[in-house]
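Read the structure below first, then the notes.
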Amino acid sequence: MSVRVRFAPSPTGFLHIGGARTALFNWLYARHLGGAFVLRIEDTDAARNTPEAVEVILSGLRWLGLDWDEGPQTGNPAGPSLGRNGPYFQSQRSANYRQRVEELKAKGLAYESDGTVKFRMPRETMLIPDLVVGDVKRELTDREAVDPDFVIVRSDGQPVFHLVNVVDDLEMGITHVIRGEDHLANTAKHIALFRAFGAEPPKYAHIPLILNPDGTKMSKRDQGASLMTYRDEGYAPEAVVNYLMLLGWSPKDDRQILPLAEVIQMFDLPQILRHNARFDLAKLQWINYEYLRTMPIDRYCELGRSMLQRHGVFLSGYDPGYVRAAFSTCRDKVKLLADLPLFSDFYFQTDIALPAEAREKDFHPENKERLVKLRTALAGLVVFDAAQVEAAIKSMATQLGVKAGVLVHPTRLACTGKTVGPSLYHLMEVLGKERVLHRLDWALK
RNA sequence: GACCCUAUCGUCUAGCGGUUAGGACACUGCCCUUUCACGGCGGUAACAGGGGUUCAAUUCCCCUUAGGGUCGCCA
């Protein structure tokens with residue numbers, strides 16, 4: 001039988017970074033085995049469910065590149081979906097749950113109590129086989145020893161998570177449940193439910209959780225818990241995926257940057273580590289930088305354009321070749337795409353404003369005299385490329401008996417309005433002679 | 001309170017009885033250098049503690065400690 005896994009998030013309005021990793025591991029396992037990756041929306045809690053909240057999940061998964069074989073295509077519960085095992089919204093499956101509850105009641109395995117329906121949980125130690133953790137013997141807790149039965153239908157008629165989760169996994173033919181370790185203790189309930197339906201439970205794989213840097217549980221409110229903040233701050237999705245897969249899984253050969261295709265080949269459940277991992281932003285940033293500087297330049301431009309746009313810098317009026325050249329000079333200086341506007345916006349401005357203190361420090365009369373001479377030299381260049389510009393500046397410095405830095409610093413300020421940025425010579429080449437001379441004139445006024 | 005999981009540098013990890021305990025991030029020294037970076041060559045840094053088993057434990061077992069999770073008419 002072919003493998004079927006699922007990611008079953010609840011639409012809370014955002015996609016948790018830990019949920020994203022759970023989705024990733026499910027996806028990886030499905031792709032590794034050529035199985036199906038099912039997306040199911042657990043929207044039983046009507047109060048906080050909106051189509052928008054579902055869209056957040058869908059767009060998060062799409063952003064990461066985790067495509068699903070079955071599941072909704074939009075946030076609309078009644079909308080289009082992929083696959084023949086739907087509906088994929090629990091809010092659309094009430095009839096299934098009702099029928100299953102009747103089945104349990106008919107078998108004497110569920111009963112009514114205080115307006116609810118409770119499941120008759122076996123009063124015994126349960127063995128939970130787990131592909132990651134191994135066999136777990138789950139004894140009854142003190143409270144369960146008193147009464148192990150649990151509610152499966154609320155007094156308002158709504159079915160509870162444990163019930164719907166099991167019914168859906170059963171009816172959707174899920175073979176492997178890969179989920180966070182926070183569900184491990186609950187699994188005894190789920191196994192009992194499967195058996196009550198006369199079905200064999202799926203294989204379980206409980207993966208460790210992602211903790212905050214200080215080792216506490218990462219909850220919704222914690223900094224960095226939402227996947228989308230990484231997109232907004234300019235992380236490349238391929239880098240986020242790479243980082244996430246390294247939390248609890250390792251290629252065991254010391255590599256940190258791994259092609260996804262290769263990971264799909266290697267990935268398997270038993271090698272997943274059993275202990276929780278702390279989220280390390282510095283490592284993510286490093287990985288992100290590695291991707292940023294090695295990805296195809298067109299991909300880089302795509303990410304860069306949308307980042308600048310979000311910062312109010314519009315590039316539609318500029319030649320694509322110019323934009324590409326401009327971004328190229330920033331590539332190995334910018335670690336986070338969010339910093340790209342700071343490094344590149346001067347390429348897309350007509351007038352450069354000099355900081356007030358720079359006027360006094362770098363454009364005092366003596367320096368202005370030198371810069372006028374440099375301006376003349378630059379104006380005389382036939383080929384205005386980085387090598388020629390560098391040669392011109394250095395020879396002018398020699399001629400004036402000063403260090404190159406004396407000319408370099410003010411020239412950078414005149415061209416970019418900033419003290420940091422791409423390599424000066426290269427940035428001047430990209431700007432072109434005309435813009436450079438114009439900016440020097442402007443600064444020397 | 002009960003139950004469950006876990007434990008190698010600060011962090012992510014390699015290790016599956018005998019290793020100078022390896023790599024990466026971070027930190028840091030030097031070099032390179034037009035800013036900022038990159039890069040190159042180094043450095044600091046770990047087997048939580050205590051018992052066993054064994055000729056030999058980071059590795060296997062037990063206990064303690066610590067961290068995390070679960071015991072809902074949340075999911």
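To find a chain, count down the sequence lines: A is the first, B the second, and so on, and within it residues start at 1.
- Asn212(A) places its CG atom 10 Å from the P atom of G69(B), with the value rounded to the nearest Å.
- The partner of A66(B) is U6(B), judged by Watson-Crick or G-U wobble contacts that both fall below 3.5 Å.
- Side chains of Asp214(A) and Thr216(A): a donor-acceptor N/O pair is present below 3.5 angstrom, by distance only.
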At under 4.0 Å between heavy atoms, which parts of nucleotides 5-15 of chain B does protein reach? Answer with one letter per nucleotide, 5' to 3': B base, S sugar-phosphate only, - none.
SSS---BBSSS
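- Using a 4.0 Å heavy-atom distance criterion, Gly405(A) is classed as making no nucleic acid contact.
- Taking atom P in both C55(B) and A46(B), one finds a spacing of 31 Å when rounded to whole Å.
- Going from the P atom of C62(B) to that of A7(B) covers 13 Å, rounded to whole Å.
- Residue Ala282(A) has its side chain nearest to A26(B) when only U70(B), A75(B), A26(B) are considered.
- With a 6.0 Å cutoff to the six-membered ring centre and a 45° limit on the axis angle, Lys189(A) counts as a cation-pi contact of Phe150(A).
- With respect to the salt-bridge test (charged N to carboxylate O, under 4.0 angstrom), the residues Arg98(A) and Glu102(A) do not qualify.
- Nucleotides of RNA chain B nearest to Pro422(A) and Thr216(A) differ in position, and the one nearer the 5' end is that of Pro422(A).
- Comparing the same atom, C1', in C36(B) and in C32(B) gives a spacing of 15 Å after rounding to whole Å.
- Across A24(B) and G15(B), the matching C1' atoms stand 16 Å from one another, rounded to whole Å.
- For the pair Asp156(A) CG and G72(B) C1', the interatomic distance rounds to 14 Å; values are reported in whole Å.
- In this structure, Phe279(A) and Tyr230(A) have tilted ring planes: the angle between them lies in the 30° to 60° band.
- Contact annotation: Arg179(A) does not reach the phosphate of G69(B) (side-chain N/O to OP1 or OP2, under 4.0 Å).
- For the residue pair Tyr347(A)/Thr329(A), the side-chain donor-acceptor check at 3.5 Å is satisfied.
- The nucleotide whose nearest atom lies closest to any side-chain atom of Leu209(A) is, among A2(B), G69(B), A75(B), G69(B).
- With A26(B), C73(B), C3(B) as the choices, the nucleotide that has an atom nearest any side-chain atom of Thr141(A) turns out to be C3(B).
- Residue-level contact check: Thr411(A) touches neither bases nor backbone, having no heavy atom under 4.0 Å from any strand.
- Note on residues 405-417 of chain A: no pairs pass side chain to side chain donor-acceptor pair (under 3.5 Å), not counting sequence neighbours.
- Applying the 90° criterion around 0 to the glycosidic angle, C38(B) comes out syn.
- Look at A24(B): its Watson-Crick or wobble partner, with both distances under 3.5 angstrom, is U11(B).
- Per the geometry, CD belonging to Glu139(A) stands 19 Å off P belonging to G1(B), to the nearest Å.
- Remark: the backbone N or O of Tyr235(A) is not paired with any side-chain donor or acceptor of Asn288(A) at under 3.5 angstrom.
- Of the possible donor and acceptor atoms, one in the side chain of His16(A) sits under 3.5 Å from a partner among the backbone N and O of Met218(A).
- Shown here, U54(B) forms no base pair; nothing in the strands shown gives a Watson-Crick or G-U wobble contact with both key distances under 3.5 Å.
- Salt-bridge check for Lys118(A) with Asp147(A): passed, with a basic side-chain N closer than 4.0 Å to an acidic carboxylate O.
- In this model, no donor atom of one side chain and acceptor atom of the other lie less than 3.5 Å apart for Arg4(A) and His176(A).
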If the sugar-phosphate is the primed atoms plus P, OP1 and OP2 and the base is the rest, what is the B/S/- string for nucleotides 38-50 of chain B, using protein heavy atoms under 4.0 Å?
SS-----------
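- Taking for each of Val334(A) and Arg154(A) the nucleotide of RNA chain B with the nearest heavy atom, the 5'-most of the two is the partner of Val334(A).
- With hydrogens and angles ignored, no donor-acceptor pair under 3.5 angstrom links the side chain of Lys403(A) to the base of U34(B).
- Separating the C1' atom of C12(B) from that of C27(B) is a span of 16 Å, rounded to the nearest Å.
- Spacing between atom CD of Glu144(A) and atom P of C3(B) amounts to 11 Å, rounded to whole angstrom units.
- Here G69(B) presents its C1' atom at 14 Å from NE2 of His16(A), a figure rounded to the nearest Å.
- Look at U33(B): it lacks any Watson-Crick or wobble partner with both distances under 3.5 angstrom.
- A donor-acceptor contact closer than 3.5 angstrom is absent between the side chains of Arg40(A) and Asn85(A).
- Proximity of Thr44(A) to the phosphate of A75(B): a side-chain N or O atom is located under 4.0 Å from OP1 or OP2.
- For the pair Arg21(A) and Phe25(A), the cation sits on the ring face: its NZ or CZ lies under 6.0 Å from the ring centre, inside 45° of the axis.
- Atom CG of Leu211(A) and atom P of G67(B) are 12 Å apart (whole Å).
- Rounded to a whole angstrom, the distance from the P atom of G50(B) to that of U59(B) is 12 Å.
- Of the nucleotides present, G1(B) is the one that pairs with C71(B) by Watson-Crick or G-U wobble criteria, both distances under 3.5 Å.
- Dashed line: the shortest gap from a side-chain N or O of Arg138(A) to OP1 or OP2 of C71(B) is not under 4.0 Å.
- Rounded to whole angstrom, the span from the CG atom of Asp130(A) across to the P atom of U70(B) amounts to 16 Å.
- At a cut-off of 3.5 Å, with distance as the only test, no side-chain donor of Tyr425(A) or Asp385(A) sits close to an acceptor on the other residue.
- His206(A) comes within 4.0 angstrom of no nucleic acid atom, judged by non-hydrogen atoms across all strands.
- A distance of about 10 Å separates the C1' atoms of C47(B) and C9(B), rounded to the whole Å.
- Residue-level contact check: His409(A) touches neither bases nor backbone, having no heavy atom under 4.0 Å from any strand.
- As rounded to the nearest Å, A37(B) and G18(B) have P atoms that lie 44 Å from one another.
- For Lys189(A), whose side chain is taken as the heavy atoms from C-beta onward, the closest listed nucleotide among A26(B), C71(B), A2(B) is C71(B).
- Here the P atom of nucleotide C25(B) and the CG atom of Leu284(A) are 14 Å apart, to the nearest Å.
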